[in-house]
Number of protein chains: 2
Amino acid sequence: MNLTVAEENYIKSIYKLQDGQAVVSTNAIAYELDTKPASVTDMAKKLKEKKLIDYEKYQGISLTAEGKRIALQIVRRHRLWECFLVEKLSFSWNEVHEIAEELEHVRSEKLINRLSEFLGNPTTDPHGDPIPDAQGKFSKTKQLISLDKATARRLEVAGVADQSSALLEFLNAKGIRLGTQIDVIERYEFDNSVEIKIRNQPAFTISEQVSKNIMVKTL
Amino acid sequence: MNLTVAEENYIKSIYKLQDGQAVVSTNAIAYELDTKPASVTDMAKKLKEKKLIDYEKYQGISLTAEGKRIALQIVRRHRLWECFLVEKLSFSWNEVHEIAEELEHVRSEKLINRLSEFLGNPTTDPHGDPIPDAQGKFSKTKQLISLDKATARRLEVAGVADQSSALLEFLNAKGIRLGTQIDVIERYEFDNSVEIKIRNQPAFTISEQVSKNIMVKTL
DNA sequence: AATATAATTTAGACAAATCTAAATAATATT
DNA sequence: AATATTATTTAGATTTGTCTAAATTATATT
């Protein structure tokens with residue numbers, strides 16, 4: 001799929017605006033890209049033709065799976081270049097956006113993967129925004145309970161929010177340390193407790209207080 | 001002067017092909033850019049309008065001073081990116097051209113000057129081609145006699161090709177060492193000898209053998 | 001000098017990405 | 001429900017960079 005710079009910018013804007021919403025409006029995209037709604041309609045037809053968006057007249061726009069995949073690539077390129085500019089070329093984080101806006105359109109997978117490696121495979125950019133990996137996955141770092149609503153998924157312990165010895169003692173007793181892999185078996189809404197399992201051990205349940213203080217990332 | 005990518009590519013090709021020639025042909029440019037002569041004629045009119053080339057129907061094309069200035073900027077960007085790709089991202093020198101071809105069109109003086117600094121202000125790229133500085137000047141490193149044909153110019157000694165003690169002794173006796181600034185006063189074609197002068201000393205003449213072994217750069 | 005060949009330009013067309021102005025559809029308000 | 005407002009689309013035009021085919025100019029050859 002060979003996209004023009006204009007097409008890439010539309011994909012990126014739609015991705016940015018979609019976030020949660022089912023569908024993005026013509027007007028919103030026009031405003032975001034500083035262009036006119038009529039131009040957005042024109043481009044929507046082309047992107048639909050290329051199967052990168054779902055679009056029916058007057059019904060709004062949303063990315064297809066393939067469109068989203070491409071959007072994540074563009075976001076990855078943008079954020080890695082921002083890292084490079086700040087960490088290697090000593091730019092300040094508030095002046096890198098425009099330059100990264102241009103660099104992100106240089107298309108070479110090899111280039112971007114080498115760049116990522118050169119930067120130590122960072123997972124967030126200088127603004128704190130997460131950087132998707134080559135497969136488009138975010139390595140999310142967050143509290144078990146608050147954000148990761150999925151059940152039956154494997155997570156890796158990445159840190160603790162509360163450094164109190166009481167918590168550390170508890171985690172130690174349960175065999176939970178940095179890097180430990182945890183399978184989430186069930187979440188109970190009535191008290192926000194979570195049933196988890198560590199490899200080769202029987203499952204057990206942790207309270208909301210505990211789950212709110214363990215930072216994990218997805219694998 | 002805000003140029004499109006296409007305009008920059010034309011400028012770059014004309015610069016490359018001009019080298020010595022008074023004028024470049026429509027056909028040569030078309031071949032170089034893998035396009036048609038008719039397209040070159042169209043673009044020639046635009047670039048003439050912008051005063052970047054001298055062009056009269058059927059008379060060939062040449063860069064104006066401003067056009068050359070811009071060409072040197074593009075060459076600088078291209079070669080610095082090649083350095084980056086090879087030295088920092090471990091690409092091999094034969095696979096960087098295409099990527100640099102894209103990166104060179106990202107226009108930010110600050111970016112390119114920071115990149116140059118980051119790379120240690122290199123003066124040649126991985127293919128051995130010289131990199132112009134921010135002012136468009138080459139820091140040429142070469143044998144006195146072979147390439148630098150200009151008379152009455154100041155040069156700086158940058159090294160010796162022949163490490164024999166005989167040569168080093170001679171240079172020492174004449175007060176010529178690394179960094180010494182030399183004014184070339186006259187070149188004599190019949191024996192390729194060169195009359196030179198070092199600050200505060202009487203002028204003297206060096207033979208072809210000697211001049212062929214002193215590496216200098218322009219200031 | 002006449003003619004053949006090669007180089008260059010012109011004329012007219014096309015695709016991409018945009019625009020303005022007018023038309024149409026969806027939504028909100030009375 | 002009728003009307004006003006807002007959102008969206010269509011139609012037609014523009015700019016940039018390109019193309020093909022035909023016309024023109026320059027150069028080489030006899």
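It should be emphasised that the depicted structure is a prediction, and the values quoted were computed from it without experimental measurement. Numbered from 1 within each chain, the chains take letters A, B, ... in sequence-line order.
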Among residues 12-27 of chain A, which residues get a heavy atom nearer than 4.0 Å to DNA chain D?
-> A/Ser25, A/Thr26, A/Asn27
Residues within residues 56-64 of chain B bordering DNA chain D, heavy-atom distance below 4.0 Å = B/Tyr58
Regarding A/Lys88 and the six-membered ring of A/Phe118, is the cationic atom NZ or CZ under 6.0 Å from the ring centre and inside 45° of its axis?
-> yes
Answer with base, sugar-phosphate or nothing: what part of the nucleic acid does A/Tyr55 contact at a heavy-atom distance below 4.0 Å?
-> sugar-phosphate
I'd like to know if [X] and [Y] make a salt bridge, using a cut-off of under 4.0 Å between side-chain N and carboxylate O.
X: B/Glu104; Y: B/Arg79; answer: no
X: A/Glu7; Y: A/Lys50; answer: yes
X: A/Glu101; Y: A/Lys12; answer: yes

With sequence neighbours excluded, residues passing side-chain hydrogen bond (donor to acceptor under 3.5 Å, both in side chains) with B/Lys46 = none
Test side-chain contact (heavy atoms from CB on, under 4.5 Å) on B/Tyr188 and B/Asp191 and set out the steps.
-> CA-CA 6 Å; B/Tyr188 300 104; B/Asp191 68 348; 3.9 Å; yes
Output field: ring centroids A/Phe84/B/Phe84 closer than 6.0 Å = yes
Mind checking whether A/His97 and A/His127 have ring centres under 6.0 Å apart?
-> no
Between the protein and nucleotides 12-17 of chain D, are there any N/O to N/O pairs under 3.5 Å, and if so, what are the atom names and distances?
unit_1, atom_1, unit_2, atom_2, d
D/dG17, OP1, B/Thr4, OG1, 2.3
D/dG17, OP2, B/Lys46, NZ, 3.3

Can you confirm whether the side chains of [X] and [Y] place a donor and an acceptor under 3.5 Å from each other?
X: A/Ser116; Y: A/Asn121; value: yes
X: B/Ser25; Y: B/Asn27; value: no
X: A/Asn9; Y: A/His105; value: yes

Could you tell me the separation between the CG atom of B/Asp34 and the C1' atom of D/dT18, rounded to a whole number of Å?
-> 12 Å
Angle separating the five-pair end axes of the helix from C/dA1-D/dT30 to C/dT30-D/dA1, nearest 10°, is 10°
Just how far is it from atom CH2 of A/Trp93 to atom CG of A/Leu85, taken to the nearest 0.5 Å?
-> 14.5 Å
Atom pair OG (A/Ser62) and CD1 (A/Ile53), whose distance is rounded to the nearest 0.5 Å | 8.0 Å
Can you give the first and last nucleotides of DNA chain C, 5' to 3', that have an atom under 4.0 Å from a heavy atom of chain B?
-> C/dA7 to C/dT10
Kindly give the heavy-atom pair with the smallest separation between A/Tyr55 and A/Gly60, and that separation in Å.
-> CD1-O, 3.8 Å
B/Leu3 vs B/Leu52, side-chain contact (heavy atoms from CB on, under 4.5 Å): CA-CA, chis, key distance, verdict = CA-CA 11 Å; B/Leu3 300 182; B/Leu52 300 178; 3.8 Å; yes
Taking only side-chain nitrogens and oxygens of B/Thr35, does any of them come within less than 4.0 Å of OP1 or OP2 of D/dT18?
-> no
